[in-house]
Amino acid sequence: MSGTPFETPVHGAAHGRLQRVVATLMVALVMIGLLRLLWTVPEASQGGSPWFIGSAVCALLVAYAFLMTSTTTLDATGIRECGLLQRKVGWSETASARLGGFAFARLLRVRTRGGRRIAFAGATPELAAALARVVADQTPPQIRER
């Protein structure tokens with residue numbers, strides 16, 4: 001990648017409204033199913049099951065909270081996504097980038113010079129434009145010395 005591109009940071013939600021609505025519906029259906037299971041199956045509410053189900057519900061809610069609050073930032077140092085997993089790549093580490101995903105949820109797929117592949121999500125129009133700019137600013141691949 002040539003230099004980089006962002007003197008002023010571009011910051012926004014990593015996941016779009018449609019993804020968050022679908023996630024909310026899925027969590028609601030799982031919660032309704034678990035409550036129904038606990039009320040209708042007497043064996044499910046005895047013994048160790050409630051602890052297991054409670055732990056699974058807590059894990060689901062934590063993952064859901066991170067999905068709802070995750071953000072992506074592009075700035076002069078690189079690109080980072082803060083959510084359940086923290087992902088960060090400096091511009092100097094970036095070998096190539098491709099844009100993918102759906103129109104409502106763009107994904108920037110980055111390959112680092114070390115060979116790692118990382119995907120960053122961007123849902124806001126500003127982030128989508130910034131991700132497209134990263135791909136457009138790439139220089140043709142150069143043969144590196146080993």
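In what follows, every heavy atom counts, from backbone to side chain, and hydrogens, waters and symmetry copies are set aside. This chain uses plain numbering: 1 for the first residue, then up along the sequence.
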*side chain to side chain contact (heavy atoms under 4.5 Å, CB included) partners for A121, two or more places apart*: A14, H15, E81, L107
*asked:* Could you go through R106 and L127, starting from their C-alpha distance and side-chain angles, then the distance that decides it, and tell me whether this counts as side chain to side chain contact (heavy atoms under 4.5 Å, CB included)?
replied: CA-CA 8 Å; R106 303 306 285 166; L127 271 177; over 6 Å; no
*Mind checking who shares a hydrophobic cluster with L85, ILVMFWY linked at side-chain heavy-atom distances under 4.5 Å?*
none
_Filter on side-chain hydrogen bond (donor to acceptor under 3.5 Å, both in side chains), then keep only pairs touching residues 16-33, sequence neighbours left out; what's left?_
T24-Y64
*Other than V62, which residues form its hydrophobic cluster under the rule that side-chain heavy atoms must be closer than 4.5 Å?*
F66, L84
_Steps toward side chain to side chain contact (heavy atoms under 4.5 Å, CB included) verdict (R98, V135)_ = CA-CA 6 Å; R98 290 184 342 177; V135 173; 5.6 Å; no
*Looking at CZ of R117 and CZ of R111, how far apart are the two atoms once the value is rounded to the nearest 0.5 Å?*
6.0 Å
*Check step by step if side chain to side chain contact (heavy atoms under 4.5 Å, CB included) holds for L60 and V27.*
CA-CA 8 Å; L60 177 67; V27 167; 4.3 Å; yes
*If you measure from CZ on R36 to CG on L29, what distance do you get to the nearest 0.5 Å?*
12.5 Å
*Grab the two heavy atoms, one from L108 and one from A97, that are nearest each other, plus how far apart they are.*
CD1-CB, 3.8 Å
*State, to 0.1 Å, how close A23 and L67 come at their nearest heavy-atom pair, and which atoms those are.*
CB-CD2, 3.6 Å
*Ignoring hydrogens and geometry, is there a side-chain-to-backbone donor-acceptor pair from R87 to A119 under 3.5 Å?*
yes
*Once you round to the nearest 0.5 Å, how far does CD1 of I79 lie from OG1 of T94?*
8.0 Å
*Is it true that a side-chain atom of R109 and a backbone atom of F120 form a donor plus acceptor pair closer than 3.5 Å?*
no
*Excluding sequence neighbours, so at least two apart, what forms side chain to side chain contact (heavy atoms under 4.5 Å, CB included) with T77?*
D75, R80
*How close do G83 and S70 get, heavy atom to heavy atom, and via which atoms?*
CA-CB, 3.7 Å
*Report the distance from atom OG1 of T73 to atom NZ of K88, rounding to the nearest 0.5 Å.*
10.5 Å
*side chain to side chain contact (heavy atoms under 4.5 Å, CB included) between L34 and V57, intermediate numbers included*: CA-CA 9 Å; L34 288 174; V57 166; 3.3 Å; yes
*Starting from L25, walk the hydrophobic network (Ile, Leu, Val, Met, Phe, Trp, Tyr; side-chain heavy atoms closer than 4.5 Å) and list everyone else you reach, by chain and number.*
V21
*Do the side chains of T124 and H11 get nearer than 4.5 Å, heavy atoms only?*
no
